[in-house]
Engineer: 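Mind having a look at this structure? Questions to follow.
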Amino acid sequence: MQVYRGLDIGTAKPTVAERAVVPHHLVDVADPSEEWSAMRHQAAARAAVAGIEARGRRALLVGGTGLYLQAVVDDLRFPGEDPDLRAELDAWTAEPGGVAAAYDELRRRDPDAAEKVDPHNARRIVRALEVIRLTGKRFSSFGPGIDQFGPTAFPVQMVGVWVPRDVLNARIATRFAAMRDAGLVDEVLGLLDGSPLSRTASQAIGYKEIIGAITDDGSLDDAIDTAVRRTRSFARRQRMWFRRDPRITWLGATDNPCAVLPAVLATWSS
RNA sequence: GGCCGGGUAGCUCAGUCGGCAGAGCACACGCCUGAAAAGCGUGGGGUCGACGGAUCGACGCCGUCCCCGGCCA
């Protein structure tokens, strides 16, 4: 979400001062009305890494979105997309019994892919069918899969920071309160004056809830509360995603995660 | 004080003719290849306000009481 210009406070974007000390890439590279995607992120991030390495420097990939990280470091191939076909499939699954019918087709044309997607998950079923109909090839034939943790596309040292649950929850609540104090609501009001947010940008935690509160005349306290819960839920999914990756070295922090910095640097140097 | 409506999961509420206590959200656990800060699955949770009664059997029917909201005085 930090790729979007104007989404500063709620995405905890690095400050101008911080960026003056350490160059940050893929920050402020898209307008909030633009869509962002795993494929777009893969291309942009790999280009940034290549540029950094070409200058003899070392890239530090930071972030919590598992699919996006793997899209950069692993052999993930994203077959094309077709908006018309996508719309047709979306309409199909919106009909009564449509999701089950679509899942039947997926099971018939790509049993391996059907095995990995839940029969109720319309979004994933639609995407798999879109690829199959578009390319004529099985969805599962693209790349080794996200559960294959082989050698990375380029040398990468992966480190995860593990924080106790109660500390994490407290930090999330504190963080949102600080964002609100820093003017998050005003920032959202400013965004509402511009072009409508894209589908992807409008999902940003905090922004989505505050926009909802403003347009529906709801409670800002409730919006912040929902955003806090959604952040916890996101953190749980991050935990699930990264936990299964055997290449990650986990470092535990009891309170302040910054305490593990020396250990992170030691791992990095090796 | 009188009349009416309500009291069921942490929250908001369904519950048909009396026949095994339900949903959404929350919470916990988990899944994942162009929406991923997205999407999806599984699970734990109940003195059905309290007490008494009729009934083989009550969240439901009868009685008394308590609590909340509205209207009237």
Side-chain angles (χ1 to χ4, degrees), chain A residues 1-4 7 9-13 30 32 34-45 63-83 85-87 89-90 93 99-100 102-103 106 110 112-135 137-149 153 165-166 169 172 175-176 179 184 197-211 222 225-245:
Chain A
M1 290 299 173
Q2 293 180 344
V3 301
Y4 288 117
L7 275 65
I9 298 169
T11 64
K13 194 175 285 179
E34 292 177 54
E35 301 286 352
W36 195 258
S37 70
M39 181 190 170
R40 198 174 163 184
H41 192 261
Q42 180 183 55
T65 303
L67 178 64
Y68 278 36
L69 178 68
Q70 279 196 261
V72 178
V73 305
D74 281 323
D75 182 21
L76 263 56
R77 300 167 210 164
F78 300 104
E81 79 179 332
D82 180 331
L85 179 53
R86 174 81 62 94
L89 291 167
D90 279 339
T93 56
V99 175
Y103 187 70
L106 180 60
D110 189 348
D112 290 340
E115 185 106 2
K116 302 186 82 167
V117 60
D118 187 272
H120 297 94
N121 197 339
R123 190 172 290 189
R124 302 264 67 87
I125 294 169
V126 164
R127 172 58 188 158
L129 283 180
E130 178 188 12
V131 169
I132 292 168
R133 288 193 186 182
L134 199 61
T135 65
K137 294 161 71 175
R138 290 180 301 114
F139 185 57
S140 56
S141 70
F142 293 90
I146 60 167
D147 54 347
Q148 299 302 309
F149 303 103
R165 196 74 58 89
D166 54 341
N169 290 345
I172 288 170
R175 172 182 141 118
F176 252 104
M179 286 173 172
L184 179 57
L197 299 194
S198 69
R199 194 173 47 175
T200 41
S202 60
Q203 294 170 166
I205 295 178
Y207 294 88
K208 178 180 179 179
E209 290 75 23
I210 292 173
I211 288 171
D222 287 352
D225 196 55
T226 303
V228 165
R229 271 202 305 276
R230 199 147 78 91
T231 305
R232 281 207 297 264
S233 171
F234 174 46
R236 185 177 58 75
R237 276 179 282 132
Q238 289 178 313
R239 234 172 9 246
M240 291 302 115
W241 185 284
F242 289 118
R243 208 177 52 175
R244 62 185 183 166
D245 192 334

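The sequence lines fix the lettering, A, B, ..., with proteins before strands; numbering per chain opens at 1. Quick note: numbers below take in every heavy atom, side chains included, and nothing from hydrogens, waters or symmetry partners.
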Engineer: Whole angstroms only, please: what is the CG-C1' distance between A/Leu106 and B/rC40?
Structural biologist: 14 Å

Engineer: Using atom P in both nucleotides, what's the gap between B/rC67 and B/rA26 to the nearest angstrom?
Structural biologist: 35 Å

Engineer: Round to the nearest Å and state the distance from A/Leu129 atom CG to B/rA35 atom C1'.
Structural biologist: 17 Å

Engineer: Mind calculating the distance between CZ (A/Arg236) and C1' (B/rC29) to the nearest angstrom?
Structural biologist: 7 Å

Engineer: Tell me, what's RNA chain B's dot-bracket, Watson-Crick or G-U with both distances under 3.5 Å, | for other-strand, [ ] crossing?
Structural biologist: (((((((..((((.....[..)))).(((((.......))))).....(((((..]....)))))))))))).

Engineer: By nearest atom, which of the nucleotides B/rA26, B/rC29, B/rC40 is closest to the A/Arg239 side chain?
Structural biologist: B/rC29

Engineer: Select one nucleotide: of B/rG30, B/rC27, B/rU33, the one nearest the side-chain heavy atoms of A/Arg243.
Structural biologist: B/rG30

Engineer: Assign the ring pair A/His41 / A/Tyr68 to parallel, tilted or perpendicular, where the plane angle (0 to 90°) is split at 30° and 60°.
Structural biologist: tilted

Engineer: Considering only atom C1', compute the distance from B/rC51 to B/rG41 and round it to an integer number of Å.
Structural biologist: 44 Å

Engineer: Indicate yes or no for a side-chain donor-acceptor contact from A/Asp110 to the backbone of A/Phe139 under 3.5 Å, with no hydrogens or angles considered.
Structural biologist: yes

Engineer: Tell me if a side-chain donor or acceptor on A/Tyr4 pairs with a main-chain N or O of A/Glu34 at a distance below 3.5 Å.
Structural biologist: yes

Engineer: Looking at A/Arg86 and A/Asp90, does any basic side-chain N land under 4.0 Å from a carboxylate oxygen?
Structural biologist: no

Engineer: Considering heavy-atom distances to RNA chain B, does A/Met39 or A/Gln203 have its closest nucleotide positioned more toward the 5' end?
Structural biologist: A/Met39

Engineer: What integer number of Å spans the C1' atoms of B/rG45 and B/rC65?
Structural biologist: 30 Å

Engineer: Looking at A/Glu115, I want to see if its CD is surrounded by more than 12 non-hydrogen atoms of other residues, nucleotides or ligands under 6.0 Å.
Structural biologist: no

Engineer: Taking only the side-chain heavy atoms of A/Arg199 (C-beta and beyond), determine which of B/rA35, B/rA37, B/rC32 contains the nearest atom.
Structural biologist: B/rA35

Engineer: Can you see if the side chain of A/Arg86 gets near the phosphate of B/rA35 - specifically, an N or O under 4.0 Å from OP1 or OP2?
Structural biologist: yes

Engineer: What's the CZ-P distance between A/Phe78 and B/rA36, to the nearest Å?
Structural biologist: 11 Å

Engineer: Per the side chain to side chain contact (heavy atoms under 4.5 Å, CB included) rule, which among A/Val72, A/Asp74, A/Leu67 passes with A/Gln70?
Structural biologist: A/Asp74

Engineer: Starting the side chain at C-beta, find the nucleotide from B/rA37, B/rC32, B/rA35 nearest to A/Arg244.
Structural biologist: B/rC32

Engineer: Just how far, in rounded Å, is P of B/rC32 from CG of A/Asp118?
Structural biologist: 11 Å

Engineer: Write down the distance separating the C1' atoms in B/rU16 and B/rG22, rounded off to the nearest Å.
Structural biologist: 14 Å

Engineer: Among B/rC32, B/rA37, B/rC40, which is the nearest nucleotide to the side chain of A/Trp241?
Structural biologist: B/rC32

Engineer: Students often get this wrong, so: under 4.0 angstrom with heavy atoms, is A/Thr11 touching a base, only sugar-phosphate, or nothing?
Structural biologist: base

Engineer: Taking only the P atom of each, what is the distance from B/rG18 to B/rC59 in whole angstrom?
Structural biologist: 14 Å

Engineer: Measure from the side-chain heavy atoms of A/Met240 and tell me the nearest of B/rC40, B/rC32, B/rA37.
Structural biologist: B/rC32

Engineer: Taking B/rA21 as the reference, what is the distance to B/rG44 when you measure between their C1' atoms (whole Å, please)?
Structural biologist: 15 Å

Engineer: Under 4.0 Å between a side-chain N/O of A/Thr65 and OP1 or OP2 of B/rA37, yes or no?
Structural biologist: yes

Engineer: So what does A/Tyr207 touch, heavy atoms closer than 4.0 Å: a base, only the sugar-phosphate, or nothing?
Structural biologist: nothing

Engineer: Determine yes or no for a side-chain-to-main-chain donor-acceptor pair under 3.5 angstrom, with A/Glu130 supplying the side chain and A/Asp82 the backbone.
Structural biologist: yes

Engineer: OP1 or OP2 of B/rU33 less than 4.0 angstrom from a side-chain nitrogen or oxygen of A/Gln70, does that happen here?
Structural biologist: no

Engineer: Establish, with yes or no, whether the OP1 or OP2 oxygen of B/rC27 is under 4.0 angstrom from a side-chain nitrogen or oxygen of A/Arg232.
Structural biologist: yes

Engineer: Which part of the nucleic acid, if any, lies within contact of A/Gly66, taking any heavy atom under 4.0 Å across all strands shown: a base, the sugar-phosphate backbone alone, or nothing?
Structural biologist: nothing

Engineer: State plainly whether the residues A/Lys116 and A/Asp147 are in salt-bridge range, i.e. N to O under 4.0 Å.
Structural biologist: yes

Engineer: Counting side-chain heavy atoms from CB outward, which of B/rA35, B/rC29, B/rU33 is closest to A/Glu81?
Structural biologist: B/rA35

Engineer: Please give, in whole Å, the distance from B/rC25 P to A/Asp222 CG?
Structural biologist: 17 Å

Engineer: Between CD of A/Gln203 and OH of A/Tyr207, what distance do you get to the nearest 0.5 Å?
Structural biologist: 14.5 Å

Engineer: Between A/Arg124 and B/rA35, is there a contact of a side-chain N or O with OP1 or OP2 at under 4.0 Å?
Structural biologist: yes

Engineer: Give the rounded distance in Å between these two atoms: CD1 of A/Ile125 and P of B/rA35.
Structural biologist: 15 Å

Engineer: Students often get this wrong, so: under 4.0 angstrom with heavy atoms, is A/Gly10 touching a base, only sugar-phosphate, or nothing?
Structural biologist: base

Engineer: Centre of A/Trp241's six-membered ring, under 6.0 Å away, within 45 degrees of the axis: is that where NZ or CZ of A/Arg239 sits?
Structural biologist: no

Engineer: I'd like the P distance from B/rG52 over to B/rG15, given in whole Å.
Structural biologist: 28 Å

Engineer: Output yes when at least one side-chain N/O atom of A/Arg165 is less than 4.0 Å from OP1 or OP2 of B/rC29, else no.
Structural biologist: yes

Engineer: Just compare B/rC29, B/rC40, B/rU33 and give me whichever is closest to any side-chain atom of A/Asn121.
Structural biologist: B/rC40

Engineer: By nearest heavy atom, map A/Leu67 and A/Asp147 onto RNA chain B; which one lands nearer the 5' end?
Structural biologist: A/Asp147

Engineer: With rounding to the closest Å, how many angstrom separate the P atoms on B/rG57 and B/rC17?
Structural biologist: 22 Å

Engineer: Rounded to the Å, how far apart are A/Leu76 CG and B/rU33 P?
Structural biologist: 9 Å

